[in-house]
**Q** 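Pasting a structure here, questions to come.
Order of the sequence lines fixes the chain letters, A, B, ..., with proteins taken first and strands second; residue numbering starts at 1 for each chain.
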Amino acid sequence: MSKPTTERVEREGSEFTHYPEIGLSIEYRDASHRYWLHHEGERRSAVSVTSALKVLDKPALVAWAERMGVEGALRLERAGQLVGVPPEDAVRVVRMQSMGADAKRDAGADRGSAVHEALRSYCALGTVPKVGDFPTGVRGYVQGLCRWLLDAQPEPILVEQIVGSPRYGFAGRFDLLANLDSQRTLVDLKTSGRVYAEHHLQMAAYRTALVECGDHAERSLVVSVSEDGGFTPVDGVAEAEDYLAVFDCHRAMGRVRRAINAREKAEEVVP
Amino acid sequence: MSAEQIPEAEVAVKHEQEVAAEAAVIRGYATTLTPELYLKLWPLLRKPIPRWFIKSVGVVKGKPYASTGVSSAQVQVERMDNVLTPLWWRDTATYEKEGTLARVVVEVGNLGELPLVCRGSYGGVDRGSTAGNVYKGSYTNAAKVAFARVGPGHEIYLDAVDLDPDVHEQAAAEQVRSHPAQAGTPRLLTPEECAKVVKATQDAGLDDDELMLLLGSVGVDSTDDLTTAHAFEIRGILDRRQGS
(Lines give C-alpha, C1' and ligand atoms only; values in the text may rest on other atoms or scores of the structure.)
Protein backbone atom coordinates (compact mmCIF):
# COMPACT_ATOMS: atom_id res chain seq x y z
CA MET A 1 0.00 0.00 0.00
CA SER A 2 1.37 3.43 -0.91
CA LYS A 3 1.68 6.05 1.79
CA PRO A 4 -1.18 8.56 1.61
CA THR A 5 -0.16 12.01 0.49
CA THR A 6 -1.71 14.73 2.54
CA GLU A 7 -1.59 18.43 2.11
CA ARG A 8 -2.90 21.03 4.48
CA VAL A 9 -4.12 24.32 3.07
CA GLU A 10 -5.58 27.14 5.09
CA ARG A 11 -8.17 29.08 3.05
CA GLU A 12 -10.86 31.44 4.28
CA GLY A 13 -10.71 30.01 7.76
CA SER A 14 -10.87 26.43 6.52
CA GLU A 15 -8.14 23.85 6.82
CA PHE A 16 -7.99 21.35 3.95
CA THR A 17 -6.45 17.91 4.09
CA HIS A 18 -6.06 16.28 0.69
CA TYR A 19 -5.86 12.61 -0.18
CA PRO A 20 -5.22 12.85 -3.95
CA GLU A 21 -4.90 9.11 -4.45
CA ILE A 22 -8.54 8.54 -3.53
CA GLY A 23 -9.81 11.92 -4.72
CA LEU A 24 -10.81 13.04 -1.23
CA SER A 25 -10.36 16.41 0.45
CA ILE A 26 -11.53 17.09 3.96
CA GLU A 27 -12.36 20.65 4.96
CA TYR A 28 -12.37 21.64 8.62
CA ARG A 29 -13.51 24.92 10.18
CA ASP A 30 -12.19 25.43 13.67
CA ALA A 31 -14.67 28.20 14.52
CA SER A 32 -17.66 25.93 14.09
CA HIS A 33 -15.77 22.66 14.64
CA ARG A 34 -17.40 21.29 11.47
CA TYR A 35 -16.16 19.05 8.68
CA TRP A 36 -17.02 18.77 4.97
CA LEU A 37 -15.99 16.01 2.60
CA HIS A 38 -15.07 16.98 -0.97
CA HIS A 39 -15.49 13.76 -2.89
CA GLU A 40 -16.61 12.79 -6.41
CA GLY A 41 -17.35 16.42 -7.23
CA GLU A 42 -19.56 16.97 -4.20
CA ARG A 43 -19.08 18.97 -1.00
CA ARG A 44 -21.11 17.45 1.77
CA SER A 45 -21.22 17.97 5.48
CA ALA A 46 -19.62 15.28 7.64
CA VAL A 47 -20.39 14.44 11.22
CA SER A 48 -17.53 14.94 13.65
CA VAL A 49 -16.44 11.62 15.17
CA THR A 50 -16.82 12.96 18.69
CA SER A 51 -20.10 14.78 18.02
CA ALA A 52 -21.74 11.48 17.06
CA LEU A 53 -20.71 10.05 20.43
CA LYS A 54 -22.71 12.73 22.23
CA VAL A 55 -25.81 10.64 21.58
CA LEU A 56 -24.59 8.27 24.33
CA ASP A 57 -25.81 8.63 27.87
CA LYS A 58 -23.07 9.74 30.27
CA PRO A 59 -24.41 9.39 33.81
CA ALA A 60 -20.94 9.89 35.29
CA LEU A 61 -20.81 13.31 33.64
CA VAL A 62 -24.03 14.38 35.35
CA ALA A 63 -22.72 13.27 38.73
CA TRP A 64 -19.43 15.06 38.07
CA ALA A 65 -21.18 18.30 37.09
CA GLU A 66 -23.32 18.11 40.23
CA ARG A 67 -20.24 17.61 42.37
CA MET A 68 -18.43 20.55 40.76
CA GLY A 69 -21.46 22.80 41.22
CA VAL A 70 -21.91 21.86 44.87
CA GLU A 71 -18.20 22.33 45.55
CA GLY A 72 -18.20 25.73 43.87
CA ALA A 73 -21.29 26.86 45.78
CA LEU A 74 -19.83 25.76 49.09
CA ARG A 75 -16.56 27.56 48.45
CA LEU A 76 -18.39 30.77 47.59
CA GLU A 77 -20.68 30.40 50.59
CA ARG A 78 -17.70 30.00 52.91
CA ALA A 79 -16.05 33.02 51.31
CA GLY A 80 -19.22 35.01 52.09
CA GLN A 81 -20.06 35.59 48.43
CA LEU A 82 -23.50 34.00 48.52
CA VAL A 83 -24.89 36.11 51.33
CA GLY A 84 -28.41 37.21 50.41
CA VAL A 85 -28.43 35.20 47.19
CA PRO A 86 -31.62 33.11 46.87
CA PRO A 87 -30.77 29.39 46.63
CA GLU A 88 -32.31 29.13 43.15
CA ASP A 89 -29.97 31.90 41.91
CA ALA A 90 -26.81 30.44 43.46
CA VAL A 91 -25.98 28.52 40.29
CA ARG A 92 -25.77 31.78 38.33
CA VAL A 93 -23.28 33.24 40.81
CA VAL A 94 -21.29 30.01 40.72
CA ARG A 95 -21.10 30.24 36.92
CA MET A 96 -20.27 33.96 36.96
CA GLN A 97 -17.42 33.34 39.36
CA SER A 98 -16.13 30.45 37.21
CA MET A 99 -16.50 28.03 40.07
CA GLY A 100 -18.80 25.45 38.51
CA ALA A 101 -18.71 22.57 36.06
CA ASP A 102 -18.46 24.83 32.99
CA ALA A 103 -15.29 26.47 34.28
CA LYS A 104 -13.82 23.10 35.25
CA ARG A 105 -14.66 21.74 31.79
CA ASP A 106 -13.01 24.73 30.13
CA ALA A 107 -9.94 24.32 32.33
CA GLY A 108 -9.86 20.65 31.34
CA ALA A 109 -10.05 21.62 27.66
CA ASP A 110 -7.17 24.09 28.08
CA ARG A 111 -5.16 21.41 29.83
CA GLY A 112 -5.92 18.93 27.05
CA SER A 113 -4.88 21.45 24.39
CA ALA A 114 -1.59 22.17 26.15
CA VAL A 115 -0.68 18.50 26.52
CA HIS A 116 -1.70 17.73 22.92
CA GLU A 117 0.44 20.61 21.72
CA ALA A 118 3.36 19.09 23.64
CA LEU A 119 2.76 15.75 21.91
CA ARG A 120 2.44 17.37 18.49
CA SER A 121 5.55 19.42 19.01
CA TYR A 122 7.56 16.36 20.03
CA CYS A 123 6.27 14.05 17.31
CA ALA A 124 6.28 16.57 14.46
CA LEU A 125 9.29 18.70 15.35
CA GLY A 126 11.26 16.57 17.78
CA THR A 127 11.00 19.22 20.49
CA VAL A 128 11.15 17.66 23.93
CA PRO A 129 8.48 19.25 26.18
CA LYS A 130 9.84 21.47 28.95
CA VAL A 131 7.75 20.96 32.04
CA GLY A 132 8.58 24.44 33.34
CA ASP A 133 7.01 26.06 30.27
CA PHE A 134 3.56 24.82 31.27
CA PRO A 135 1.16 26.18 33.90
CA THR A 136 1.44 24.48 37.27
CA GLY A 137 -1.82 22.59 36.87
CA VAL A 138 -0.68 21.05 33.59
CA ARG A 139 2.84 20.00 34.56
CA GLY A 140 1.87 16.65 36.02
CA TYR A 141 0.15 15.69 32.76
CA VAL A 142 3.20 16.76 30.74
CA GLN A 143 5.34 14.64 33.07
CA GLY A 144 3.04 11.71 32.29
CA LEU A 145 3.42 12.40 28.57
CA CYS A 146 7.23 12.51 28.86
CA ARG A 147 7.15 9.27 30.79
CA TRP A 148 5.04 7.58 28.13
CA LEU A 149 7.20 8.90 25.27
CA LEU A 150 10.30 7.60 27.01
CA ASP A 151 8.70 4.28 27.77
CA ALA A 152 6.98 3.64 24.42
CA GLN A 153 9.48 5.34 22.09
CA PRO A 154 6.94 5.90 19.32
CA GLU A 155 8.21 6.41 15.77
CA PRO A 156 5.74 8.99 14.42
CA ILE A 157 4.16 8.44 10.99
CA LEU A 158 1.31 10.96 11.04
CA VAL A 159 0.60 13.59 13.66
CA GLU A 160 -2.76 15.28 14.34
CA GLN A 161 -4.12 14.05 11.07
CA ILE A 162 -7.64 14.65 9.80
CA VAL A 163 -9.26 11.56 8.33
CA GLY A 164 -12.73 11.01 6.99
CA SER A 165 -15.12 8.39 5.75
CA PRO A 166 -16.91 9.27 2.47
CA ARG A 167 -18.76 5.98 2.77
CA TYR A 168 -20.40 6.76 6.11
CA GLY A 169 -20.05 10.52 6.26
CA PHE A 170 -17.96 11.25 9.32
CA ALA A 171 -14.56 12.82 9.92
CA GLY A 172 -12.21 13.61 12.76
CA ARG A 173 -8.66 14.29 13.77
CA PHE A 174 -6.57 11.68 15.52
CA ASP A 175 -3.53 12.47 17.63
CA LEU A 176 -0.88 10.13 16.31
CA LEU A 177 -0.16 7.23 14.03
CA ALA A 178 3.17 5.72 15.01
CA ASN A 179 5.18 2.56 15.00
CA LEU A 180 5.09 1.15 18.49
CA ASP A 181 6.91 -2.11 19.10
CA SER A 182 6.98 -2.56 15.31
CA GLN A 183 3.21 -2.23 15.09
CA ARG A 184 1.45 0.55 13.19
CA THR A 185 -0.52 2.01 16.08
CA LEU A 186 -3.15 4.70 16.27
CA VAL A 187 -2.64 6.65 19.49
CA ASP A 188 -4.98 9.02 21.26
CA LEU A 189 -3.90 11.01 24.29
CA LYS A 190 -6.36 11.69 27.11
CA THR A 191 -6.17 13.92 30.17
CA SER A 192 -9.57 12.91 31.49
CA GLY A 193 -8.15 10.81 34.31
CA ARG A 194 -9.49 7.52 32.97
CA VAL A 195 -10.34 5.84 29.69
CA TYR A 196 -14.05 5.63 28.96
CA ALA A 197 -15.92 3.40 26.51
CA GLU A 198 -16.44 6.44 24.28
CA HIS A 199 -12.69 6.69 23.80
CA HIS A 200 -12.59 3.14 22.45
CA LEU A 201 -15.40 3.95 20.02
CA GLN A 202 -13.58 7.10 18.93
CA MET A 203 -10.50 5.04 18.08
CA ALA A 204 -12.61 2.56 16.11
CA ALA A 205 -13.97 5.48 14.08
CA TYR A 206 -10.50 6.85 13.29
CA ARG A 207 -9.27 3.40 12.25
CA THR A 208 -12.26 3.01 9.94
CA ALA A 209 -11.69 6.42 8.38
CA LEU A 210 -7.94 5.81 8.13
CA VAL A 211 -8.57 2.74 5.98
CA GLU A 212 -10.87 4.74 3.69
CA CYS A 213 -8.12 7.33 3.38
CA GLY A 214 -5.76 4.64 2.09
CA ASP A 215 -3.82 3.84 5.26
CA HIS A 216 -4.29 1.46 8.17
CA ALA A 217 -3.42 0.80 11.79
CA GLU A 218 -2.79 -2.62 13.26
CA ARG A 219 -3.95 -1.59 16.69
CA SER A 220 -5.18 1.41 18.62
CA LEU A 221 -4.02 2.69 21.97
CA VAL A 222 -5.52 5.25 24.32
CA VAL A 223 -2.89 6.80 26.56
CA SER A 224 -4.30 8.43 29.66
CA VAL A 225 -1.90 10.81 31.39
CA SER A 226 -2.68 11.94 34.90
CA GLU A 227 -2.09 14.87 37.20
CA ASP A 228 0.35 12.88 39.34
CA GLY A 229 2.74 12.39 36.42
CA GLY A 230 1.67 8.86 35.57
CA PHE A 231 0.32 7.33 32.41
CA THR A 232 -1.91 4.37 31.58
CA PRO A 233 -1.90 2.86 28.09
CA VAL A 234 -5.14 1.07 27.22
CA ASP A 235 -5.54 -1.00 24.06
CA GLY A 236 -8.60 -0.10 22.04
CA VAL A 237 -11.21 -2.86 22.08
CA ALA A 238 -14.02 -1.38 19.96
CA GLU A 239 -14.52 -2.50 16.35
CA ALA A 240 -15.79 -0.49 13.38
CA GLU A 241 -19.29 -1.91 13.75
CA ASP A 242 -19.42 -0.73 17.37
CA TYR A 243 -18.84 2.85 16.33
CA LEU A 244 -21.13 2.54 13.32
CA ALA A 245 -23.99 1.37 15.57
CA VAL A 246 -23.63 4.55 17.63
CA PHE A 247 -23.23 6.61 14.46
CA ASP A 248 -26.49 5.17 13.10
CA CYS A 249 -28.19 6.08 16.34
CA HIS A 250 -26.87 9.63 16.07
CA ARG A 251 -28.20 9.88 12.53
CA ALA A 252 -31.56 8.42 13.56
CA MET A 253 -31.86 11.02 16.32
CA GLY A 254 -31.02 13.72 13.79
CA ARG A 255 -33.72 12.50 11.42
CA VAL A 256 -36.32 12.43 14.19
CA ARG A 257 -35.39 15.90 15.41
CA ARG A 258 -35.55 17.31 11.90
CA ALA A 259 -38.95 15.71 11.38
CA ILE A 260 -40.25 17.20 14.61
CA ASN A 261 -38.90 20.64 13.69
CA ALA A 262 -40.41 20.42 10.22
CA ARG A 263 -43.82 19.49 11.61
CA GLU A 264 -43.71 22.27 14.21
CA LYS A 265 -42.82 24.78 11.48
CA ALA A 266 -45.64 23.49 9.32
CA GLU A 267 -48.07 23.85 12.22
CA GLU A 268 -46.90 27.42 12.78
CA VAL A 269 -47.92 28.49 9.29
CA VAL A 270 -51.34 26.87 9.50
CA PRO A 271 -53.85 29.69 10.26
CA MET B 1 -5.38 7.95 64.53
CA SER B 2 -6.93 11.35 65.10
CA ALA B 3 -7.31 13.91 62.34
CA GLU B 4 -4.58 16.17 63.72
CA GLN B 5 -2.13 13.26 63.82
CA ILE B 6 -2.38 12.59 60.09
CA PRO B 7 -0.17 15.42 58.84
CA GLU B 8 2.53 14.47 61.34
CA ALA B 9 2.31 10.87 60.20
CA GLU B 10 2.72 11.99 56.61
CA VAL B 11 5.70 14.15 57.56
CA ALA B 12 7.27 11.20 59.35
CA VAL B 13 6.74 8.82 56.45
CA LYS B 14 8.04 11.40 53.96
CA HIS B 15 11.11 11.85 56.10
CA GLU B 16 11.87 8.15 55.95
CA GLN B 17 11.24 8.15 52.18
CA GLU B 18 13.67 11.02 51.80
CA VAL B 19 16.30 9.11 53.79
CA ALA B 20 15.71 6.13 51.50
CA ALA B 21 16.05 8.30 48.40
CA GLU B 22 19.27 9.88 49.61
CA ALA B 23 20.71 6.48 50.51
CA ALA B 24 19.81 5.14 47.07
CA VAL B 25 21.72 7.99 45.46
CA ILE B 26 24.78 7.28 47.59
CA ARG B 27 24.60 3.52 46.98
CA GLY B 28 24.20 3.87 43.23
CA TYR B 29 24.49 0.42 41.74
CA ALA B 30 26.98 -0.84 44.31
CA THR B 31 26.56 -4.51 45.15
CA THR B 32 29.24 -4.65 47.82
CA LEU B 33 29.29 -2.67 51.04
CA THR B 34 32.80 -1.31 51.43
CA PRO B 35 33.99 0.59 54.52
CA GLU B 36 34.06 3.79 52.41
CA LEU B 37 30.49 3.31 51.31
CA TYR B 38 29.38 2.45 54.84
CA LEU B 39 30.91 5.67 56.17
CA LYS B 40 28.91 7.62 53.59
CA LEU B 41 25.69 5.85 54.57
CA TRP B 42 26.25 5.91 58.31
CA PRO B 43 24.97 9.49 58.88
CA LEU B 44 21.68 8.40 57.33
CA LEU B 45 21.40 5.53 59.79
CA ARG B 46 21.89 8.08 62.55
CA LYS B 47 19.40 10.65 61.29
CA PRO B 48 16.90 11.17 64.11
CA ILE B 49 13.74 9.11 64.00
CA PRO B 50 10.71 11.41 63.39
CA ARG B 51 8.79 12.08 66.55
CA TRP B 52 5.63 10.45 65.20
CA PHE B 53 7.36 7.09 65.66
CA ILE B 54 8.24 7.85 69.25
CA LYS B 55 5.94 7.17 72.16
CA SER B 56 6.02 8.09 75.79
CA VAL B 57 4.49 5.73 78.32
CA GLY B 58 3.66 6.68 81.88
CA VAL B 59 3.95 4.43 84.88
CA VAL B 60 2.23 1.14 84.15
CA LYS B 61 1.91 -2.15 85.88
CA GLY B 62 5.19 -4.01 85.65
CA LYS B 63 7.09 -0.84 84.66
CA PRO B 64 7.13 1.55 87.58
CA TYR B 65 8.65 4.51 85.71
CA ALA B 66 7.74 6.76 82.79
CA SER B 67 9.65 5.97 79.60
CA THR B 68 10.10 7.06 76.01
CA GLY B 69 11.11 4.98 73.02
CA VAL B 70 10.29 4.06 69.46
CA SER B 71 6.76 2.74 69.20
CA SER B 72 8.02 -0.34 67.40
CA ALA B 73 11.40 -1.74 66.42
CA GLN B 74 9.92 -1.96 62.93
CA VAL B 75 10.76 1.70 62.26
CA GLN B 76 14.40 0.89 63.00
CA VAL B 77 14.23 -2.19 60.75
CA GLU B 78 12.77 -0.02 57.96
CA ARG B 79 15.58 2.51 58.37
CA MET B 80 18.16 -0.28 58.15
CA ASP B 81 16.50 -1.60 54.97
CA ASN B 82 16.12 1.86 53.47
CA VAL B 83 19.75 2.78 54.01
CA LEU B 84 21.57 -0.54 53.70
CA THR B 85 19.03 -2.56 51.68
CA PRO B 86 18.05 -5.90 53.25
CA LEU B 87 21.25 -7.45 51.84
CA TRP B 88 23.82 -5.63 53.93
CA TRP B 89 22.59 -6.24 57.45
CA ARG B 90 21.10 -9.00 59.58
CA ASP B 91 20.07 -9.56 63.17
CA THR B 92 20.14 -12.71 65.25
CA ALA B 93 18.48 -13.38 68.57
CA THR B 94 19.32 -15.92 71.28
CA TYR B 95 17.08 -16.50 74.27
CA GLU B 96 17.65 -17.49 77.88
CA LYS B 97 15.44 -18.12 80.90
CA GLU B 98 12.45 -19.44 78.94
CA GLY B 99 12.45 -16.46 76.64
CA THR B 100 12.31 -13.79 79.31
CA LEU B 101 15.81 -12.74 78.33
CA ALA B 102 16.98 -12.13 74.75
CA ARG B 103 20.26 -11.11 73.21
CA VAL B 104 19.96 -9.47 69.81
CA VAL B 105 23.04 -8.92 67.68
CA VAL B 106 22.90 -6.65 64.63
CA GLU B 107 25.60 -7.13 62.01
CA VAL B 108 26.33 -4.82 59.08
CA GLY B 109 28.30 -6.09 56.12
CA ASN B 110 28.30 -8.39 53.14
CA LEU B 111 26.79 -11.83 53.46
CA GLY B 112 29.43 -14.50 54.14
CA GLU B 113 32.09 -11.98 55.12
CA LEU B 114 33.22 -10.67 58.47
CA PRO B 115 30.88 -7.88 59.54
CA LEU B 116 32.03 -4.27 59.26
CA VAL B 117 30.01 -3.36 62.36
CA CYS B 118 28.51 -5.57 65.05
CA ARG B 119 26.41 -4.33 67.98
CA GLY B 120 24.25 -6.19 70.45
CA SER B 121 22.08 -5.82 73.49
CA TYR B 122 20.21 -7.85 76.06
CA GLY B 123 16.53 -7.21 76.64
CA GLY B 124 14.05 -8.76 78.96
CA VAL B 125 10.47 -9.00 80.18
CA ASP B 126 9.16 -10.50 83.33
CA ARG B 127 5.71 -11.49 82.12
CA GLY B 128 3.56 -12.13 79.05
CA SER B 129 0.06 -13.40 78.31
CA THR B 130 1.49 -16.21 76.18
CA ALA B 131 4.90 -17.79 75.68
CA GLY B 132 5.06 -16.09 72.27
CA ASN B 133 4.49 -12.69 73.83
CA VAL B 134 7.30 -13.31 76.30
CA TYR B 135 9.75 -14.07 73.48
CA LYS B 136 8.45 -11.19 71.40
CA GLY B 137 8.71 -8.74 74.30
CA SER B 138 12.26 -9.67 75.20
CA TYR B 139 13.33 -9.61 71.56
CA THR B 140 11.80 -6.15 71.03
CA ASN B 141 13.43 -4.69 74.12
CA ALA B 142 16.82 -6.06 73.08
CA ALA B 143 16.45 -5.14 69.40
CA LYS B 144 15.52 -1.48 70.05
CA VAL B 145 18.79 -0.90 71.86
CA ALA B 146 20.87 -3.05 69.49
CA PHE B 147 19.60 -1.14 66.46
CA ALA B 148 20.13 2.17 68.27
CA ARG B 149 23.73 1.17 68.87
CA VAL B 150 24.17 0.71 65.12
CA GLY B 151 22.47 4.01 64.37
CA PRO B 152 18.66 4.20 64.01
CA GLY B 153 17.18 5.74 67.15
CA HIS B 154 20.54 6.34 68.82
CA GLU B 155 19.31 9.76 69.99
CA ILE B 156 16.47 8.17 71.95
CA TYR B 157 18.53 5.50 73.66
CA LEU B 158 21.60 7.59 74.41
CA ASP B 159 22.31 6.10 77.81
CA ALA B 160 20.19 3.01 77.56
CA VAL B 161 21.41 -0.03 79.39
CA ASP B 162 20.67 -3.65 78.71
CA LEU B 163 17.29 -4.90 79.90
CA ASP B 164 15.90 -1.40 80.14
CA PRO B 165 15.62 0.13 76.69
CA ASP B 166 13.00 2.84 77.13
CA VAL B 167 14.98 5.28 79.19
CA HIS B 168 16.09 8.53 77.70
CA GLU B 169 13.02 10.65 77.91
CA GLN B 170 14.97 13.91 77.98
CA ALA B 171 16.96 13.06 74.86
CA ALA B 172 13.85 12.04 73.01
CA ALA B 173 12.06 15.22 74.07
CA GLU B 174 15.05 17.21 72.83
CA GLN B 175 14.96 15.51 69.45
CA VAL B 176 11.24 16.29 69.24
CA ARG B 177 12.07 19.97 69.76
CA SER B 178 15.02 19.94 67.36
CA HIS B 179 13.35 18.13 64.49
CA PRO B 180 9.67 19.07 64.44
CA ALA B 181 9.30 18.55 60.71
CA GLN B 182 12.14 16.45 59.45
CA ALA B 183 10.62 15.90 56.04
CA GLY B 184 11.56 19.32 54.69
CA THR B 185 12.50 19.71 51.06
CA PRO B 186 14.54 17.05 49.31
CA ARG B 187 18.19 18.05 48.98
CA LEU B 188 19.51 19.26 45.64
CA LEU B 189 22.08 16.92 44.16
CA THR B 190 25.70 17.99 44.14
CA PRO B 191 27.33 18.42 40.71
CA GLU B 192 29.15 15.12 41.25
CA GLU B 193 25.87 13.36 42.03
CA CYS B 194 24.24 14.95 38.97
CA ALA B 195 27.10 13.64 36.87
CA LYS B 196 26.50 10.18 38.31
CA VAL B 197 22.84 10.36 37.33
CA VAL B 198 23.73 11.44 33.79
CA LYS B 199 26.31 8.65 33.59
CA ALA B 200 23.69 6.14 34.71
CA THR B 201 21.33 7.30 31.95
CA GLN B 202 24.11 7.00 29.38
CA ASP B 203 24.95 3.52 30.63
CA ALA B 204 21.29 2.66 30.21
CA GLY B 205 21.56 3.69 26.55
CA LEU B 206 19.63 6.97 26.72
CA ASP B 207 20.54 9.68 24.22
CA ASP B 208 20.30 13.44 24.91
CA ASP B 209 16.63 13.72 23.91
CA GLU B 210 15.75 10.72 26.02
CA LEU B 211 17.61 12.25 28.95
CA MET B 212 15.46 15.37 28.54
CA LEU B 213 12.33 13.20 28.45
CA LEU B 214 13.54 11.42 31.55
CA LEU B 215 14.04 14.74 33.33
CA GLY B 216 10.60 15.87 32.16
CA SER B 217 9.07 12.68 33.44
CA VAL B 218 10.26 13.51 36.97
CA GLY B 219 9.17 17.14 36.59
CA VAL B 220 12.40 19.06 35.92
CA ASP B 221 13.97 20.59 32.82
CA SER B 222 17.60 20.54 33.84
CA THR B 223 19.96 18.35 35.82
CA ASP B 224 20.66 21.45 37.95
CA ASP B 225 17.19 21.05 39.48
CA LEU B 226 17.57 17.40 40.43
CA THR B 227 17.04 16.44 44.06
CA THR B 228 17.68 13.20 45.87
CA ALA B 229 14.00 12.33 45.42
CA HIS B 230 14.29 12.82 41.65
CA ALA B 231 17.42 10.70 41.54
CA PHE B 232 15.60 7.94 43.37
CA GLU B 233 12.72 8.14 40.91
CA ILE B 234 15.08 8.15 37.93
CA ARG B 235 16.83 5.09 39.21
CA GLY B 236 13.49 3.32 39.46
CA ILE B 237 12.66 4.24 35.86
CA LEU B 238 16.04 3.07 34.61
CA ASP B 239 15.75 -0.17 36.57
CA ARG B 240 12.33 -0.83 35.05
CA ARG B 241 13.68 -0.11 31.56
CA GLN B 242 16.54 -2.51 32.06
CA GLY B 243 14.17 -5.07 33.53
CA SER B 244 11.92 -4.90 30.49
**Q** Ion pair present between A:Glu198 and A:Lys190, side-chain N to carboxylate O less than 4.0 angstrom?
**A**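 No, this pair does not count.
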**Q** Considering only heavy atoms and a distance below 4.5 Å, find which of A:Gln153, A:Gln143, A:Arg139 pairs most often with chain B.
**A**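 The option with the most such pairs is A:Gln143.
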**Q** Which label fits A:His18 and A:Phe16: parallel for a plane angle under 30°, tilted from 30 to 60°, or perpendicular past 60°?
**A**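 Judged by the thresholds at 30° and 60°, the geometry between A:His18 and A:Phe16 is parallel.
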**Q** Which region of A:Phe231, side chain (C-beta onward) or backbone (N, CA, C, O), has a non-hydrogen atom less than 4.5 Å from a non-hydrogen atom of chain B, or is it both or neither?
**A**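 Neither the backbone nor the side chain of A:Phe231 comes within 4.5 Å of chain B.
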**Q** B:Leu215 versus chain A, heavy atoms under 4.5 Å apart: side chain, backbone, both or neither?
**A**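 Interface part for B:Leu215: neither.
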**Q** Taking the six-membered ring of B:Tyr29, is NZ or CZ of B:Arg235 closer than 6.0 Å to its centre and within 45° of its axis?
**A**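 That pair qualifies as a cation-pi contact.
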**Q** Any cation-pi pair here, A:Arg173 with A:Tyr28, using under 6.0 Å and within 45°?
**A**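 Checked: cation-pi criterion met.
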